[in-house]
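Protein chains get the first letters and strands the later ones, always in sequence-line order, with residue 1 at the start of each. What you are looking at is a predicted structure, and each value in this text was computed from that prediction instead of being measured.
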Amino acid sequence: MQAQIQELLAQATGRDAADFADVTMDLYADGMLDSMATVQFLLSLQDEFDIQVPVSEFDRDAWNTVEKIEARVKELQND
Amino acid sequence: MLTWMQDLPNFTAYGTPTYFIYLLVALLPLGIGLYFGKRFSWYEALVSFVFIFLMFDGQSYQQAFSLVAYIIYQTVIVISYFHYRQKQNASAIFYLAVFLSLLPIIIVKFSPAMVGHNSLLGFLGISYLTFRAAGTIIETRDGVVKDLNWWKFVRFMAFMPTITSGPIDRYRRFAKDYQQVPSREKYLDLVAKAVPYLFIGFVYEFVIDYFFGQLWYPFMVKQALLSAPHLSWWVVGVAYTYAGHLYFNFAGYSFFAVAISYLMGVQTPINFNKPFLAKNIKEFWNRWHMTLSFWFRDYIFMRFVFMATKKKWFKNRNVLSSVAYMLNMMVMGFWHGVTWYYILYGFMHGLALVVNDWWLRYKRKHFKIKSTKWTKFVAGFITFNFVVLSFLVFCGFLDKLWFVVPGHH
């Protein structure tokens with residue numbers, strides 16, 4: 001699942017998947033992800049994993065690393 | 001009607017050092033309670049009521065009635081929508097609820113431009129309460145607000161430390177803090193943070209802003225108006241001293257509001273994080289009046305982008321982000337008030353965000369500039385000066401300089 005998430009992040013930001021190799025890196029700290037890319041990423045997550053992530057659900061502190069995103073996606077899939 | 005309220009003393013929130021003595025003494029029992037793991041809700045409500053009353057009595061006592069009516073109005077809308085949303089979820093009803101929630105502020109903001117005087121519906125802090133109510137409706141629609149209790153909602157709307165000027169909290173976050181008592185360790189940690197915040201607030205508000213707000217800014221304005229309607233070098237002085245005044249005044253106030261919230265066991269989010277060190281305009285908005293800009297980001301920018309992407313309104317995502325930036329900042333401009341300078345201020349910031357994004361893309365594609373201390377300094381310098389220029393527009397001085405005939409106000 002991590003590889004898929006990294007690929008979606010790459011698509012949303014126009015970067016390489018390799019830029020997201022560090023799964024504990026804070027995606028917002030250096031402006032890797034901005035609001036625009038976040039929304040694109042959210043929408044692609046919904047399609048890819050068949051989950052519903054309302055924008056209100058998207059608390060930046062809970063979604064700011066690849067590792068945390070993976071955990072949240074698994075939670076939402078089990079809902 | 002109740003004119004006796006005119007003669008009562010009025011205390012602006014955090015207006016004088018004496019105010020803090022009264023406030024801290026009044027809050028002491030609450031703090032002792034929290035230390036022993038109890039939240040004295042009724043005492044807290046009473047203290048809050050008294051201090052809010054003192055903010056709105058005196059000469060502006062009509063505002064007290066507008067405030068009470070406004071809170072009842074919003075509570076009815078929010079609670080009704082919440083009950084509706086538990087059963088159904090029609091878009092039309094959602095938009096209706098948002099519209100009704102925004103209606104008072106729309107009337108208040110458009111009244112001066114349309115009918116030439118302030119609306120009676122207005123009161124100090126109406127915009128901040130609107131953000132709280134409208135935000136709650138939007139999160140209710142998203143299904144993330146799972147319980148909504150009218151008393152907690154009223155406490156959230158009328159939370160004394162932040163009622164007149166923010167920071168803008170969110171219902172879910174506030175309710176979570178409010179319904180639990182922090183552990184002793186946690187509470188002591190909050191107190192330990194509140195104390196330096198109060199000191200920073202004092203230095204900003206009562207020392208530094210005394211120079212900017214009371215001495216330098218009025219002096220520059222006076223000098224610059226001597227050569228009205230022509231520009232002079234004094235106008236540059238107006239711009240920089242106003243920027244200093246706005247920052248130290250508002251950041252000082254926000255530190256007070258956060259510190260007092262902490263003492264009451266509520267972790268109101270911070271509002272300023274060294275904004276003038278920002279290296280681009282996007283970063284500036286992540287550091288300046290943060291609870292406002294995050295409100296706009298979460299409830300306007302992101303939702304617009306979400307909808308536009310889903311419905312494929314734009315082919316090119318750079319066009320989409322530009323439109324979203326402009327929309328976001330123009331709404332913010334109008335929210336400040338319907339005057340040419342607020343709207344221009346919004347426009348300038350929207351445009352700056354568009355240009356900034358374009359530059360970041362261009363730079364990444366066409367040359368590899370290494371980020372060094374020097375490039376960061378240049379970037380920070382440009383950002384700071386742009387912001388100061390935008391504040392010159394924002395403060396309305398140019399309106400006085402160019403359009404107000406001397407002797408008329």
Side-chain angles (χ1 to χ4, degrees), chain A residues 5-22 25-65 68-69 71-79, chain B residues 89 135-146 170-173 176 269 278-283 285-286 290 293-312 314 316-325 328 353-354 356-357 360-361 364-365 371 379:
Chain A
I5 291 171
Q6 284 156 340
E7 182 51 40
L8 295 179
L9 282 167
Q11 281 170 18
T13 54
R15 290 170 188 264
D16 294 331
D19 290 342
F20 300 97
D22 178 359
M25 173 184 63
D26 183 348
L27 299 166
Y28 290 98
D30 279 325
M32 293 279 275
L33 263 191
D34 60 10
S35 312
M36 181 70 197
T38 299
V39 176
Q40 312 263 327
F41 172 64
L42 266 184
L43 284 163
S44 61
L45 266 187
Q46 302 200 346
D47 291 343
E48 184 90 10
F49 297 107
D50 197 28
I51 48 173
Q52 283 298 317
V53 193
V55 179
S56 310
E57 188 65 57
F58 199 86
D59 173 2
R60 280 178 197 226
D61 293 335
W63 290 81
N64 62 351
T65 69
K68 286 187 194 168
I69 293 168
R72 286 297 288 138
V73 169
K74 283 185 178 154
E75 265 175 55
L76 288 165
Q77 279 180 325
N78 292 331
D79 268 358
Chain B
N89 186 17
T136 309
I137 294 175
I138 296 171
E139 297 206 338
T140 301
R141 168 143 221 232
D142 276 359
V144 294
V145 172
K146 294 199 170 80
R170 314 249 171 128
Y171 177 75
R172 274 189 299 159
R173 211 213 58 72
K176 209 170 79 196
K279 281 170 267 327
N280 64 47
I281 198 67
K282 219 192 246 171
E283 198 193 334
W285 282 108
N286 283 331
M290 293 148 72
S293 82
F294 295 168
W295 196 98
F296 274 83
R297 176 193 76 195
D298 293 350
Y299 297 117
I300 297 186
F301 183 92
M302 289 181 72
R303 268 151 228 277
F304 175 75
V305 172
F306 193 89
M307 202 145 88
T309 309
K310 233 174 149 177
K311 304 206 165 153
K312 300 194 171 62
F314 299 90
N316 182 322
R317 63 174 276 178
N318 297 334
V319 175
L320 165 59
S321 77
S322 303
V323 171
Y325 280 135
N328 195 68
L353 286 163
V354 172
N356 176 58
D357 250 28
L360 290 177
R361 276 198 305 275
R364 204 158 69 193
K365 215 163 157 189
S371 181

A.B. asks: Taking all heavy atoms of Val55(A) and all of Asp298(B), pick out the closest pair and write down the distance.
C.D. replies: CG1-O, 4.0 Å
A.B. asks: Do the side chains of Leu320(B) and Met36(A) get nearer than 4.5 Å, heavy atoms only?
C.D. replies: yes
A.B. asks: Report which part of Asp34(A) has an atom under 4.5 Å of a heavy atom belonging to chain B: side chain, backbone, both, or neither.
C.D. replies: side chain
A.B. asks: In terms of heavy-atom pairs under 4.5 Å, which option from Glu283(B), Glu139(B), Lys310(B) contacts chain A the most?
C.D. replies: Glu139(B)
A.B. asks: For Val144(B), is it the side chain, the backbone, both or neither that has a heavy atom under 4.5 Å from a heavy atom of chain A?
C.D. replies: side chain
A.B. asks: Quick one: pull up OG in Ser35(A) and CG in Leu353(B) and give me the separation to the nearest 0.5 Å.
C.D. replies: 10.0 Å
A.B. asks: Should we count CG of Asp50(A) as having more than 12 external heavy atoms under 6.0 Å?
C.D. replies: no
A.B. asks: Output, in order, the C-alpha distance, side-chain angles, deciding distance and verdict of side chain to side chain donor-acceptor pair (under 3.5 Å) for Ser56(A) and Arg303(B).
C.D. replies: CA-CA 9 Å; Ser56(A) 310; Arg303(B) 268 151 228 277; 3.2 Å; yes
A.B. asks: So which part of Arg361(B) gets closer than 4.5 Å to some heavy atom of chain A, the side chain, the backbone, both or neither?
C.D. replies: neither
A.B. asks: Closer than 3.5 angstrom, by distance alone: can the side chain of Asp142(B) be matched with the main-chain N or O of Pro54(A) as a donor-acceptor pair?
C.D. replies: no
A.B. asks: Measuring heavy-atom distances to chain A, does Arg317(B) have an atom under 4.5 Å in its side chain, in its backbone, in both, or in neither?
C.D. replies: both
A.B. asks: Measuring from Leu43(A):CG to Met307(B):CE, what's the distance to the nearest 0.5 Å?
C.D. replies: 12.5 Å
A.B. asks: Is it the backbone or the side chain of Phe306(B) that comes under 4.5 Å from a heavy atom of chain A, or both, or neither?
C.D. replies: both
A.B. asks: For the residue pair Thr13(A) and Arg364(B), what are the closest heavy atoms and their distance?
C.D. replies: O-NH2, 3.5 Å
A.B. asks: Which bit of Gln52(A) is near chain B, if near means a heavy-atom gap under 4.5 Å: side chain, backbone, both or neither?
C.D. replies: neither
